[in-house]
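Worth knowing before you read on, the calculation uses all heavy atoms, side chains too, and leaves out hydrogens, waters and symmetry mates.
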Amino acid sequence: MATTTDNTVHLDEVIVAMVPFPEYSHSNQLFVLACFIASHNIPVHFLCLADQNKTLKLRAQGGLRASNIHFHDLLVPFSPEETEDAGNGLPSSIILMQKLTELIYRTCFELSTNSKRLVIINDNIMKHYLGDVHSFQSVESYMFHPISAFTRYSLLRQSIPDIVDDDDHDKMIQQMQDEFPLVESWGSPYMEMFLRMEQECKLHSGEIMNSCREVEGKYLDLLANTKDKPLWAVGPLHMLLESQDSSNRTRHECLEFLDKQDVNSVIFVSFGSTTTLSQEQVNELALGLEQSNHRFIWVLRKRDVMEKFEEKDEKIELPEGFEERVVGRGLVVRNWAPQLEILAHLSTGGFLSHCGWNSCIESISMGVPLATWPMNFDQPFNAIFVTNLLKIGITVKSWARREELVTATAIENAVKTLMGTTEGEEMRWRTVELSNKIKSCVSHGGLAHKEMESFISHIIR
């Protein structure tokens, strides 16, 4: 809010408030969207937990977008005792969200008084924790979906029968039988109710997805037909921002390792920030990578958790002598690794992944085929989309066998197939072809770029 020389108050025309779900894979997507909006000289206010904001602030330094992003730390007193019994069988994360409601409401109210229009962009999970912000004057809200269009469509079809017909989808489920994930085997007991409530919600002004019509056009159209609200596909979000100058940044050891390898010779192994493998599974994975005789980068880290006091002090060990036996051929990283830069490197030829949507869309956009190993959440749907529909991936572990140990032999065979056979090469060729279409789509004048600009024009109209 600015004050002119005659002491009259001037309200900002439009202010955007971003309300992410406070888990990295969610907050990161909305942060990138925040950066893009801020680059259009629109004030953006990012409402998130203090420790996550601290990390994101470092990434926002410099330039127009940095000056237009304002971080609001949501500080919530939360004791370990509250995880013992969250009440009514609710997980502790829900209790945390409930505690955030008042803070989010109060912050949005203050922002609404400083603008002619407050535009709220909230993670779809946070829809239930915004309080009565829609009662504020001149407030518009937009629901952001951090999952793939295929996943969302598949979940809605199971939760709301006949919402939109697609015979091909039905045939695929029949053919796959127990290999296709069902809501009851995948989500919480409240998932179907949550999806129905979300679909019936009339208070928001539109929906946004981190997807691309070149990749998911059919399912984006099917979703658009389920509501009378506009739907913007604005992804892949990581490609909408111009790359940052990294000349003053020390290159990660992964990139130094990749520089020494042949084109498409290295498989990247990473299971995201919310997964920890058991010690037994780590042993099998290590043996499988070793026996494959292919080059690899393996990010082995404990999961990041929202409630830090829930984290158990578990130490994962590699088999004795493993790193010595694979020296020069394999690299194990025990902390953060620059995933996008690794996937973009010419030496990277495959990605053994848990199939989170961020990882999938990043891998596809960089032309890297996947070996799929879904763990939970939306990952089994993404794995099916990659392997059965796009045909740019090979299955390491199917959802039907999710409780089973993946053996070293299965891992070895999957790596060899993806990295050293004609079948793997054909997958790589299809992925590169799709990558080229995506790059054209997000370039200036491309369909994704136009769609993002359409959303900007809509909120500042």
Side-chain angles (χ1 to χ4, degrees), residues 252-272 277 281-300 318-319 322-323 325-333 337-356 359-375 379 382-388 390-398 406-436:
H252 195 278
E253 61 175 332
C254 287
L255 304 178
E256 303 287 348
F257 174 81
L258 287 168
D259 288 343
K260 301 171 184 176
Q261 315 306 326
D262 294 334
V263 172
N264 293 330
S265 66
V266 179
I267 186 165
F268 175 48
V269 183
S270 177
F271 295 96
L277 301 177
Q281 189 60 81
V282 167
N283 293 341
E284 292 294 319
L285 179 51
L287 183 58
L289 291 173
E290 184 177 355
Q291 291 177 168
S292 75
N293 286 320
H294 280 280
R295 300 181 182 278
F296 64 87
I297 293 175
W298 180 8
V299 180
L300 178 64
L318 287 167
F322 169 75
E323 288 183 272
R325 292 193 299 273
V326 299
V327 67
R329 177 167 70 82
L331 179 65
V332 178
V333 181
Q339 179 165 298
L340 262 177
E341 292 180 80
I342 292 170
L343 292 171
H345 200 286
L346 291 176
S347 295
T348 304
F351 185 10
L352 174 51
S353 171
H354 66 309
C355 295
S359 292
C360 286
I361 198 69
E362 288 177 2
S363 194
I364 295 167
S365 67
M366 296 302 167
V368 178
L370 294 110
T372 65
W373 186 332
M375 303 286 185
Q379 297 158 20
N382 297 333
I384 289 170
F385 183 61
V386 164
T387 56
N388 291 48
L390 297 181
K391 300 187 184 306
I392 57 170
I394 184 170
T395 301
V396 178
K397 185 177 188 177
S398 71
V406 183
T407 65
T409 300
I411 295 163
E412 174 190 354
N413 291 338
V415 172
K416 284 182 174 178
T417 300
L418 188 66
M419 301 299 292
T421 66
T422 301
E423 181 185 356
E425 188 58 36
E426 289 173 350
M427 291 178 188
R428 190 167 297 107
W429 180 84
R430 285 191 289 271
T431 316
V432 169
E433 187 177 45
L434 196 51
S435 170
N436 290 334

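- Of the listed residues (R325, R295, R329), just one forms a salt bridge (Lys or Arg N to Asp or Glu O under 4.0 Å) with E290, and that residue is R325.
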Original post:
side chain to side chain contact (heavy atoms under 4.5 Å, CB included) between W298 and L318: does it pass, once the steps are laid out?
Top reply: CA-CA 11 Å; W298 180 8; L318 287 167; 3.5 Å; yes
Original post:
Does the side chain to side chain contact (heavy atoms under 4.5 Å, CB included) test come out yes or no for V386 and C355, once each step is laid out?
Top reply: CA-CA 9 Å; V386 164; C355 295; 5.6 Å; no
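- Here the CG atom belonging to N382 is positioned 10.5 Å from the OG1 atom belonging to T387, to the nearest 0.5 angstrom.
- For the residue pair L277 and M375, the shortest heavy atom distance occurs at CD2-CE, 3.3 Å.
- With values rounded to the nearest 0.5 angstrom, W373 atom CH2 is found 4.0 Å from I411 atom CD1.
- Between atom NE2 of residue H354 and atom CD of residue Q379 there is a gap of 4.5 Å, rounded to the nearest 0.5 Å.
- Note that the CG atom of N413 and the OG1 atom of T421 stand 11.0 Å from one another [nearest 0.5 Å].
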Original post:
Given the rule in the side chain to side chain contact (heavy atoms under 4.5 Å, CB included) test, do N436 and E433 qualify, once you have shown the distances and angles that lead to the verdict?
Top reply: CA-CA 5 Å; N436 290 334; E433 187 177 45; 5.6 Å; no
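- Heavy atoms only, all atoms of each residue included: Q291 and K416 are closest at O-CE, 4.0 Å.
- By the 4.5 Å heavy-atom criterion applied to side chains, Q281 and V406 are counted as neighbours.
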**OP:** Before giving the answer on side chain to side chain contact (heavy atoms under 4.5 Å, CB included), spell out for H345 and V266 the whole-Å C-alpha distance, their side-chain angles and the decisive distance to 0.1 Å.
**Re:** CA-CA 10 Å; H345 200 286; V266 179; over 6 Å; no
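- Looking at every heavy atom in both residues, V333 comes nearest to I297 through CG2-CG2, 4.4 Å.
- Residues F351 and C360 fail the side-chain proximity criterion, which asks for heavy atoms closer than 4.5 Å.
- Salt bridge annotation for R428-E425: present, with a cationic side-chain nitrogen under 4.0 angstrom from a carboxylate oxygen.
- Considering every non-hydrogen atom in both V432 and G367, the closest pair reads CG2-O, 3.7 Å.
- By the 4.5 Å heavy-atom criterion applied to side chains, L287 and P319 are not counted as neighbours.
- In this structure, L352 and F296 have side chains that are not in contact, with every pair of non-hydrogen atoms separated by 4.5 Å or more.
- Using a 4.5 Å cut-off on side-chain heavy atoms (C-beta onward), V269 and L285 make contact.
- Side chains of F322 and V332 form a contact here, defined as non-hydrogen atoms less than 4.5 Å apart.
- Atom CD1 of I342 sits about 6.5 Å away from atom CG of L258, to the nearest 0.5 Å.
- A pairwise comparison of heavy atoms in M366 and L340 identifies CE-CD2, 3.6 Å as the closest pair.
- Taking CD of E341 as the reference point, atom CD of E362 lies at 11.5 Å (rounded to 0.5 Å).
- Taking both residues in full, the closest heavy atoms of S363 and L370 are given as OG-CG, 3.8 Å, listed atom of the first, atom of the second, then distance.
- No side-chain heavy atom of L289 sits less than 4.5 Å from a side-chain heavy atom of V326.
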